[in-house]
*Asks:* 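This is the structure I want to talk about, given as structure tokens.
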Amino acid sequence: GIYNSIPLGTASLTRSDMPDVFMSNEGGMPAEKGLWLCSFDGYTSSGSPLYKVVRRVATPLAPLNRKLPDATTIFQDGCQLYLVHFKGTTLKVARWDGGGFSSFRERELPAVGRVYDIDVMRRGGGNIEIVFLCDKGRTSYRPDDPKYTDVSYYDGNQIYRGDLTRAGV
């Protein structure tokens with residue numbers, strides 16, 4: 001079964017009243033890793049949404065039985081559906097062909113730092129907006145003061161004294 005899954009996005013492929021859900025399975029057995037589609041099937045008698053058995057979705061982003069890389073999302077624009085991925089300075093976009101995502105088109109963008117996640121949304125005038133979640137580039141978990149190198153990272157109040165990695169949009 002599907003476990004340790006992360007939703008990558010939704011799309012209205014089967015019905016318009018409830019979206020289908022694309023999931024990235026990141027853990028467990030290798031045969032279970034990859035991109036999966038959970039198609040909406042209807043409602044239970046109590047009104048809860050009911051989904052069909054998941055099915056694997058082909059993608060050029062990762063071979064079957066591999067976890068999808070970070071900074072990947074699903075974006076629906078009207079009737080068109082896209083798999084969007086960003087790494088380094090390369091934005092990759094693959095189009096849904098009814099059974100999976102076809103080959104990527106690539107575009108170079110200015111460097112924005114280390115990108116952890118990405119989101120895409122439609123804006124007016126035919127434009128799209130791409131939102132990146134980036135860190136500040138520093139990942140030191142040790143307190144800066146050298147006299148604390150042999151001491152706990154936490155003070156007497158259990159407050160961390162080091163520099164936590166910060167992220168922002």
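Computed from a prediction, not measured in an experiment: that's the story for all the values here.
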*Asks:* For Ala71, does its backbone N or O pair with a side-chain atom of His85 as donor and acceptor, under 3.5 Å?
*Replies:*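 The answer is yes, because a donor-acceptor pair under 3.5 Å joins these two groups.
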*Asks:* Taking Ile128 as the starting point, is it possible to reach Val115 by hopping between hydrophobic residues whose side chains are less than 4.5 Å apart?
*Replies:*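 Yes, same cluster.
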*Asks:* I need the full list of side-chain hydrogen bond (donor to acceptor under 3.5 Å, both in side chains) pairs touching residues 118-129, with sequence neighbours left out, sorted by first then second residue.
*Replies:*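 Non-adjacent pairs meeting side-chain hydrogen bond (donor to acceptor under 3.5 Å, both in side chains): Asp77-Arg122, Arg123-Glu129.
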*Asks:* Applying salt bridge (Lys or Arg N to Asp or Glu O under 4.0 Å), name anything that partners Asp20, two or more places apart in sequence or on another chain.
*Replies:*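 Partners of Asp20 under the salt bridge (Lys or Arg N to Asp or Glu O under 4.0 Å) test: none.
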*Asks:* Between Met23 and Cys38, which heavy-atom pair has the shortest distance, and what is it?
*Replies:*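 Nearest pair, atom of Met23 first, then Cys38: CG-SG, 3.7 Å.
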*Asks:* Can you name the closest pair of heavy atoms from Ala94 and Phe101 and give their distance?
*Replies:*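 Smallest interatomic distance, heavy atoms only, reads O-CD2, 3.6 Å.
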*Asks:* Which pair of heavy atoms, one from Asp70 and one from Tyr116, lies closest together, and at what distance?
*Replies:*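 Taking Asp70 first and Tyr116 second, the nearest heavy atoms are CB-O, 3.6 Å.
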*Asks:* For Trp36 and Val57, work out which heavy atoms get closest and say how close.
*Replies:*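 Nearest heavy atoms, Trp36 then Val57: C-CG2, 4.1 Å.
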*Asks:* Which residue in the set Val84, Val131, Leu83, Ile130 passes side chain to side chain contact (heavy atoms under 4.5 Å, CB included) when paired with Thr73?
*Replies:*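 Among Val84, Val131, Leu83, Ile130, the one that satisfies the side chain to side chain contact (heavy atoms under 4.5 Å, CB included) with Thr73 is Val84.
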*Asks:* Provide the closest heavy-atom pair for Thr89 versus Glu108 in the form atom of the first, atom of the second, distance.
*Replies:*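 Minimum heavy-atom contact is OG1-OE1, 2.6 Å.
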*Asks:* Using modelled atom types and a 3.5 Å cut-off, is there a donor and acceptor pairing between side-chain atoms of Asn25 and backbone atoms of Glu32?
*Replies:*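 Here the side-chain-to-backbone pair exists.
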*Asks:* Would you call the rings of Tyr82 and Phe75 parallel, tilted or perpendicular, where under 30° means parallel and over 60° means perpendicular?
*Replies:*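 Answer is parallel, since the angle falls under 30°.
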